[in-house]
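Written below as structure tokens is the structure these notes are about.
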Amino acid sequence: MTSTAAAPPPPRAYRRLSVEERRAQLLVAALGLFAHRAPDEVSLDEVAVAAGVSRPLVYRYFPGGRQQLYEAALGSAADELKLCFTEPPVGPPTERVARVLDRYLRFVDEHDTGFSALLRGGSVVETSRTTTIVDGVRRAAAEEILSHLGRIGGADAGPRSAGPEAESAGARSAGPRLRMMVRSWIAAVEAASLIWLDEGKQPPAAELRGWLVDHLIALLAATAATDEETASVVRDLLALETPEGPAGRLAELVVPVVAEAAHLLPHATAAD
């Protein structure tokens, strides 16, 4: 009598990972742990378990131990974070910045504890190299924002100082006031992100993003009042904006408020 039992499935063929694939696998495992715990609280044993490998294998790829693994994972996260700020030069500039911030805040949300530990510093694995990696993200972010304002990084620009829009428009290097303003805004975005995490991720990310875009517009307007280069940038930016976009919405809200200060203008006193 012929058996009708199903034959067992053939064993799955084992595929040996290449050096690059194995290293990437270990970095993914490490990033998953560093994302939600301070780096000095993560052990190599935990990374090995998360990756499904032995501890000696982790050491084979990262002989410098946790420090080397953390720096490599941080570099990988930094590359991902830089990509958050990369946005095609399509549409009104403030809408581009809004899309950038959506990606940035999503990254912060997904890497909450690790992001907080990284930016606050004080970790036993913090070194001049890790500080340089984080600083590189800040500078890259500032250069990307400047590119959407029609400028390139100027004195502080790195090798990737001009975005596609800036190159195609033959943009000039940003002056010191404009550079300082953009870098100050980047610092404010970082600070707001940390406060957002402390506050239990409230207000909702979409509201925080809108407020940060408004903050950038306000800083541009304030700087333009005393800096002709920034004033030129603002004129060019406003020409690309729409009534329905962030700049149009903010103007609708702010103009009535500013009108209340008309009595502070010198000509108003003279007319009285």
Would you give the length of the straight line joining atom [atom1] of [X] to atom [atom2] of [Y], rounded to the nearest 0.5 angstrom?
{"X": "T130", "Y": "L74", "atom1": "OG1", "atom2": "CG", "answer": "6.5 Å"}
{"X": "H215", "Y": "L220", "atom1": "NE2", "atom2": "CG", "answer": "10.0 Å"}
{"X": "L219", "Y": "T223", "atom1": "CG", "atom2": "OG1", "answer": "6.0 Å"}
{"X": "E244", "Y": "E252", "atom1": "CD", "atom2": "CD", "answer": "10.0 Å"}

Identify the two heavy atoms, one from [X] and one from [Y], that lie closest to each other, and give their separation to 0.1 Å.
{"X": "I133", "Y": "A78", "result": "CG2-CB, 3.6 Å"}
{"X": "P256", "Y": "A251", "result": "CD-O, 4.3 Å"}
{"X": "W196", "Y": "L105", "result": "CZ3-O, 4.1 Å"}
{"X": "W211", "Y": "A192", "result": "CZ3-CB, 4.3 Å"}
{"X": "L212", "Y": "W185", "result": "O-NE1, 3.0 Å"}
{"X": "L31", "Y": "A73", "result": "CD2-O, 3.3 Å"}

With heavy-atom distances below 4.5 Å as the criterion, would you say the side chains of [X] and [Y] are in contact?
{"X": "M181", "Y": "L216", "answer": "yes"}
{"X": "I152", "Y": "S147", "answer": "no"}
{"X": "T132", "Y": "R129", "answer": "no"}
{"X": "F62", "Y": "L27", "answer": "yes"}
{"X": "L149", "Y": "V182", "answer": "yes"}
{"X": "D45", "Y": "V49", "answer": "no"}
{"X": "T242", "Y": "E95", "answer": "yes"}

Can you name the salt bridge (charged side-chain N to carboxylate O under 4.0 Å, His left out) partners of [X], sequence neighbours left out?
{"X": "R60", "answer": "none"}
{"X": "E229", "answer": "R151"}
{"X": "E241", "answer": "none"}
{"X": "D236", "answer": "none"}

What about [X] and [Y], same hydrophobic cluster or not, with Ile/Leu/Val/Met/Phe/Trp/Tyr joined at side-chain heavy-atom distances under 4.5 Å?
{"X": "L101", "Y": "L83", "result": "no"}
{"X": "V258", "Y": "V234", "result": "yes"}
{"X": "L194", "Y": "V134", "result": "yes"}
{"X": "M180", "Y": "L146", "result": "no"}
{"X": "L178", "Y": "L238", "result": "yes"}

Excluding sequence neighbours, so at least two apart, what forms side chain to side chain donor-acceptor pair (under 3.5 Å) with [X]?
{"X": "E228", "answer": "R235"}
{"X": "R99", "answer": "E87"}
{"X": "R177", "answer": "T226"}
{"X": "E110", "answer": "none"}

Open item on the list: According to salt bridge (Lys or Arg N to Asp or Glu O under 4.0 Å), does anything in residues 202-227 pair up with another residue at least two apart or in another chain? List the pairs.
Closed with: D102-R209, D214-R249

Task: Chi angles and distances behind the side-chain contact (heavy atoms from CB on, under 4.5 Å) call for D112, K201 - done: CA-CA 10 Å; D112 43 22; K201 300 179 182 177; 3.3 Å; yes

Open item on the list: Show me the pairs that pass ring-ring contact (aromatic ring centres under 6.0 Å, His included) and involve residues 82-103, at least two apart or across chains.
Closed with: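 Sorted pair list: F85-Y104.
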
Task: Full working for side chain to side chain donor-acceptor pair (under 3.5 Å) between S43 and E46 - done: CA-CA 5 Å; S43 70; E46 290 175 296; 3.3 Å; yes

Open item on the list: According to ring pair (Phe, Tyr, Trp, His ring centres under 6.0 Å), who are the partners of F107, at least two apart in sequence or on a separate chain?
Closed with: H111

Open item on the list: How about CD on Q202, more than 12 heavy atoms from neighbouring residues, nucleotides or ligands closer than 6.0 Å, or not?
Closed with: yes

TODO: Inspect the contact between R106 and D109 and indicate whether a charged nitrogen and a carboxylate oxygen are less than 4.0 angstrom apart.
DONE: no

Task: Residues K82 and E144 bridged, charged N to O under 4.0 Å - done: no

Open item on the list: Less than 3.5 Å apart, any donor N or O on the side chain of Q67 or E71 sitting next to an acceptor on the other?
Closed with: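 Short answer, yes.
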
- [ ] Ignoring hydrogens and angles, tell me if any N or O in the side chain of R96 forms a donor-acceptor pair with the backbone of G91 under 3.5 Å.
- [x] yes

Task: Short side-chain to backbone donor-acceptor contact, R103 and T86, under 3.5 Å - done: yes

Open item on the list: The criterion is side chain to side chain contact (heavy atoms under 4.5 Å, CB included); which residues satisfy it with Y61, sequence neighbours excluded?
Closed with: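 Partners of Y61 under the side chain to side chain contact (heavy atoms under 4.5 Å, CB included) test: V19, R22, R23, L26, L57.
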
